Protein chains: 2
Amino acid sequence: MNATMDSIDLELAARIRSDILQGNYAEGERLSEAQLCQTHNVSRTPVRLALRLLERERVIRRSEGRGYLVQNPTVADILQAVQVRGHLESLAARLFALSDKRASFLPDMEHAINVIEDCADAGSLDDAAIRRAQAANKTFHTTILKACGNAYVSYTCEQISHLPMLAAGSMVFDRSANDTADQSERAMFRLRLGNAQHQVIYEAIKAGDPVRAEGMMREHSHTMIEYIQTFEKRDKSLTVMDLVAYSGMPSDTE
Amino acid sequence: MNATMDSIDLELAARIRSDILQGNYAEGERLSEAQLCQTHNVSRTPVRLALRLLERERVIRRSEGRGYLVQNPTVADILQAVQVRGHLESLAARLFALSDKRASFLPDMEHAINVIEDCADAGSLDDAAIRRAQAANKTFHTTILKACGNAYVSYTCEQISHLPMLAAGSMVFDRSANDTADQSERAMFRLRLGNAQHQVIYEAIKAGDPVRAEGMMREHSHTMIEYIQTFEKRDKSLTVMDLVAYSGMPSDTE
DNA sequence: CCACTTGATTTGGGATCCCAAAACGGTGTT
DNA sequence: AACACCGTTTTGGGATCCCAAATCAAGTGG
């Protein structure tokens, strides 16, 4: 599944993160280094690197002298992460629209838009299609980050992209729907809606309109925030696990 | 000097970064782990952690199989980092202005503004005053980041703040001035100008005006970008070392 | 019953050791 | 001189070991 054989610490971090996001740990539960070494069959070195990473992602919290404690991300955390990512992406969109080298990146974006369009237009949305759409969405966004010409943008963005990616994946999941056909219907609707925004952003960038590109990107991320918020409003007990449900494995970094 | 006795890897990173920013390494020069271990008298573990950090800061670059190479940051790098930081700070300012808990943070900001004002109003700008003003400026900005209520903002911002801090420090340095008295004069002028923007931002936040707070913060960071750009225009050979000159030790993290 | 001491366990973090893989360097062959 | 071959360094990264400091868990004495 994972094409790139990453170093153990990254893989470890992904596994632990995945464990936590699936709700296998109680809030505040202690993560013992020794325990993790044993269950994952590695030494402390990579474990400590992984814990460092996860701390930065705010999935765990450290308490001086007592190790790391699980800090299950809340829906509020996700909203915050999405907010930051969206804000950075809007900067990226502006810079991208101003870049004179932007032509070379446009085909990738166009292709991503087409792939999503195809998924949304197909009769039903099976698992493979969902994955395809998610991958294309990711391509669309990372292309903008990479192409904007400011390396710090993509760097900082990557640091906090796990939760937003998860949220993006969850937009095809709708607990309020009655049956799977209905769910699929709504998912495709949202997919089409999001892709329409992609289209507008793409055109603004292509036309070299920085203000519009930034504004539209801002709106795009705001759409996701609003979606999660209404979701939360409808279902007070909304947890991160619900969002995880259809977001695919959170381990697919890069 | 350093109150917090940080772990060795952070201190190491600071030392190496400082070395590089002072131009002690040629562009592309190889950083040998063994060498660093010897000169700093530590083992490879902290060295590797430090190199990891510096890579993220883009002060060094790694070339698979050949270790790390020095990548002296250019003025363009600084501009990019400032741009990202400024963008994040403008988000922070907006959120801060919307926060209902903002009252408790206002005194800190007010105090910072007053300290800078005092420095600018004093007859001359000695070294101690420069340090004081720098520290207050840092307080002003980090307060906004911390107080905005979105932990991801301050987290991501910290990741790339070394170069911007350096640039901020350099704003009291003006190579175009003829003598030190003239330099001091100009420095105080810029200090006052920047502080006027601080005042406006402070008031917008206090008044709970998110749009104005964000806009003014954007303008504030744009001022710095413009300053560096005109600097660069006047002196094509402007290097990072020039900016380092009056920015104080780049080791004062947190 | 509470405060204080003491010993076992854990964390934090650095030093070494080790090994595979890649790069470098020198040698000999065509 | 170009190129393949082979030994030597480095790098990359994990496993162990080690030690100081903090925590926890009893146990002891007032």
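From a predicted model like this one, the values you see are computed outputs, not experimental measurements. In the text below, chain A, chain B and the rest are named by the order of the sequence lines, each starting its count at 1.
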Going through the checks in order, is the side chain to side chain donor-acceptor pair (under 3.5 Å) test met by B:Gln83 and A:Tyr152? CA-CA 9 Å; B:Gln83 189 171 45; A:Tyr152 296 94; over 6 Å; no
Identify the pairs formed between an N or O of the protein and an N or O of nucleotides 21-25 of chain D at a distance under 3.5 Å, and give each distance.
from	atom 1	to	atom 2	distance (Å)
D:dC24	OP1	A:Arg66	NH1	3.1

Is the count of non-hydrogen atoms from other residues, nucleotides or ligands lying under 6.0 Å from [X] atom [atom1] greater than 12?
{"X": "A:Gln229", "atom1": "CD", "result": "yes"}
{"X": "B:Glu55", "atom1": "CD", "result": "yes"}
{"X": "A:Glu27", "atom1": "CD", "result": "yes"}

Any carboxylate oxygen within less than 4.0 angstrom of a Lys/Arg side-chain nitrogen, looking at A:Arg52 and B:Asp9?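 A salt bridge links A:Arg52 with B:Asp9.
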Would you please name every residue forming a side chain to side chain contact (heavy atoms under 4.5 Å, CB included) with A:Phe105, sequence neighbours left out?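 Checked A:Phe105 against side chain to side chain contact (heavy atoms under 4.5 Å, CB included); matches are A:Phe96, A:Thr143, A:Ala147.
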Applying the side chain to side chain donor-acceptor pair (under 3.5 Å) criterion to B:Tyr155, which one of A:Gln159, A:Arg58, A:Glu57 satisfies it?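 For B:Tyr155, the side chain to side chain donor-acceptor pair (under 3.5 Å) test succeeds with only one of A:Gln159, A:Arg58, A:Glu57, which is A:Gln159.
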Residue met sooner reading DNA chain C from 5', once B:Arg44 and B:Leu49 are mapped to nucleotides: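 Comparing both residues, the 5'-ward one is B:Leu49.
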Indicate the ring-plane relationship of A:His141 and A:His220, choosing parallel, tilted or perpendicular according to the 30° and 60° boundaries.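 Aromatic pair A:His141/A:His220 classed parallel.
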What is the 5' to 3' range of DNA chain C, first to last nucleotide, that sits under 4.0 Å from any heavy atom of chain B?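 Contact span on the strand: C:dG14 to C:dC24.
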Sugar-phosphate, base or nothing in reach of A:Arg62, heavy atoms under 4.0 Å: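 If one applies the 4.0 Å heavy-atom cut-off, A:Arg62 turns out to touch the sugar-phosphate alone, with no base involved.
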Could you state the atom-to-atom distance from CD1 of B:Ile60 to P of D:dT11 in whole Å?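 Distance check: B:Ile60 CD1 to D:dT11 P gives 12 Å.
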